[in-house]
Asker: 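Below: one structure in structure tokens.
For reference, positions follow the sequence shown, starting with 1. Indexing begins at 1, ligand by ligand and atom by atom, following the structure's order.
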Amino acid sequence: MTPLIALNLKAYKESAGERGLALCRIAEEVAKETGAYIIVAPQNVDLFRVANAVSIPVFAQHIDSNAQGAFTGSITADAVKEAGCQGTLLNHAEKKIPLEKIQLSIELAKKAGIKSLLCADSVYEAKRIAPLKPDFIAVEPPELIGSGISVSKANPEIVRNTVDEVKKIWNIPVLCGAGVSSGEDVRKALELGADGVLLASAFVKAGNPRAILLDMANSLKG
Ligand code: G3P
């Protein structure tokens with residue numbers, strides 16, 4: 001599955017409803033064209049529709065840490081699986097959850113048969129999460145999120161150190177994110193030892209999202 005590009009569509013106006021679906025179709029086309037492994041995480045309300053429309057892996061942006069039952073408003077791992085998704089992001093800097101809930105959510109995801117992509121805002125947090133054996137870890141320094149300045153250029157140490165520390169604990173793919181905006185940023189991330197990137201605004205808000213993603217996907221090949 002690696003190297004990979006994970007696209008978090010967040011809750012942007014540009015990624016709601018039909019526009020979100022169109023972005024996911026672009027991601028699918030670029031994945032087919034380049035052979036790149038691309039994951040999309042559309043808005044949760046669009047999961048069923050997107051998962052039924054595209055053949056690339058669809059992840060939720062978050063799941064709650066409860067099983068199915070009388071939990072109004074809850075997004076369960078099982079429902080996400082039934083919607084046709086292959087995984088979920090968890091603990092994004094914009095949707096933090098305490099460690100006990102992280103553990104529960106990872107277990108619920110495993111039980112439901114979906115993958116977990118855990119976000120960490122520091123090397124320290126990545127080291128705390130790694131023993132819980134998620135399927136992926138993505139390190140994203142919050143101050144660079146949405147900045148357009150790539151973590152792989154502005155803070156290469158956090159990428160290198162997270163890769164080193166996580167792989168000492170558990171050999172899982174480590175992604176990096178925050179400000180990743182071009183093929184060059186992706187290349188740099190891979191040079192630092194990352195197994196891929198997690199990004200949002202550079203794709204979602206681009207005038208030409210296909211061109212940006214194509215550049216990034218081609219950079220995965222080295
Ligand atoms: O989940 C990806 C994200 O937080 C990074 O956002 O807009 O800097 O690519 P962005």
Asker: In terms of residue, atom name and distance, what is the protein heavy atom nearest to atom 9 (O) of ligand 1?
Answerer: Ala200 N, 2.8 Å

Asker: Can you list the atoms of ligand 1 that are under 4.0 Å from a heavy atom of Glu140?
Answerer: 1 (O), 2 (C), 3 (C), 4 (O), 5 (C)

Asker: Need the ligand 1 atom indices (1-based, order shown) with element for anything under 4.0 Å from a heavy-atom of Ala178.
Answerer: 5 (C), 8 (O)

Asker: May I have the step-by-step check of side chain to side chain donor-acceptor pair (under 3.5 Å) for Ser74 and Thr76, ending in yes or no?
Answerer: CA-CA 6 Å; Ser74 203; Thr76 65; over 6 Å; no

Asker: Flag the pair Met1 / Asp135 as yes when at least one side-chain heavy-atom distance between them is below 4.5 Å, and no otherwise.
Answerer: no

Asker: Is there a heavy atom in Ala202 that sits closer than 4.0 Å to ligand 1?
Answerer: no

Asker: Does Lys111 pair with Glu107 as a salt bridge, N-O distance under 4.0 Å?
Answerer: no

Asker: With side chain to side chain donor-acceptor pair (under 3.5 Å) as the test, would you mind laying out the steps for Glu143 and Asn155 before giving the verdict?
Answerer: CA-CA 11 Å; Glu143 67 280 7; Asn155 192 349; 4.6 Å; no

Asker: Can you tell me how far the CD1 atom of Ile172 sits from the CG atom of Asp195, to the nearest 0.5 Å?
Answerer: 9.5 Å

Asker: Hey, does Gly179 sit under 4.0 Å from ligand 1 if you only count heavy atoms?
Answerer: yes

Asker: Could you identify the single nearest non-hydrogen protein atom to atom 7 (O) of ligand 1 and state the distance to 0.1 Å?
Answerer: Ser201 OG, 2.4 Å

Asker: Does ligand 1 have a heavy atom under 4.0 Å from the side chain of Ile145, from its backbone, from both, or from neither?
Answerer: both

Asker: List the closest protein heavy-atom neighbour of atom 6 (O) of ligand 1: residue, atom name, distance to the nearest 0.1 Å.
Answerer: Lys10 NZ, 3.3 Å

Asker: Do Ile169 and Val166 have side chains that approach each other closer than 4.5 Å (heavy atoms only, starting at C-beta)?
Answerer: no

Asker: What are the atoms of ligand 1, with element, lying closer than 4.0 Å to any heavy atom of His92?
Answerer: 1 (O), 2 (C), 3 (C), 4 (O)

Asker: Can you sort out which atoms of ligand 1 are near Gly146, meaning under 4.0 Å from one of its heavy atoms?
Answerer: 7 (O), 8 (O), 10 (P)

Asker: Quick one: does Leu99's side chain get under 4.5 Å of Ile129's, heavy atoms only?
Answerer: yes

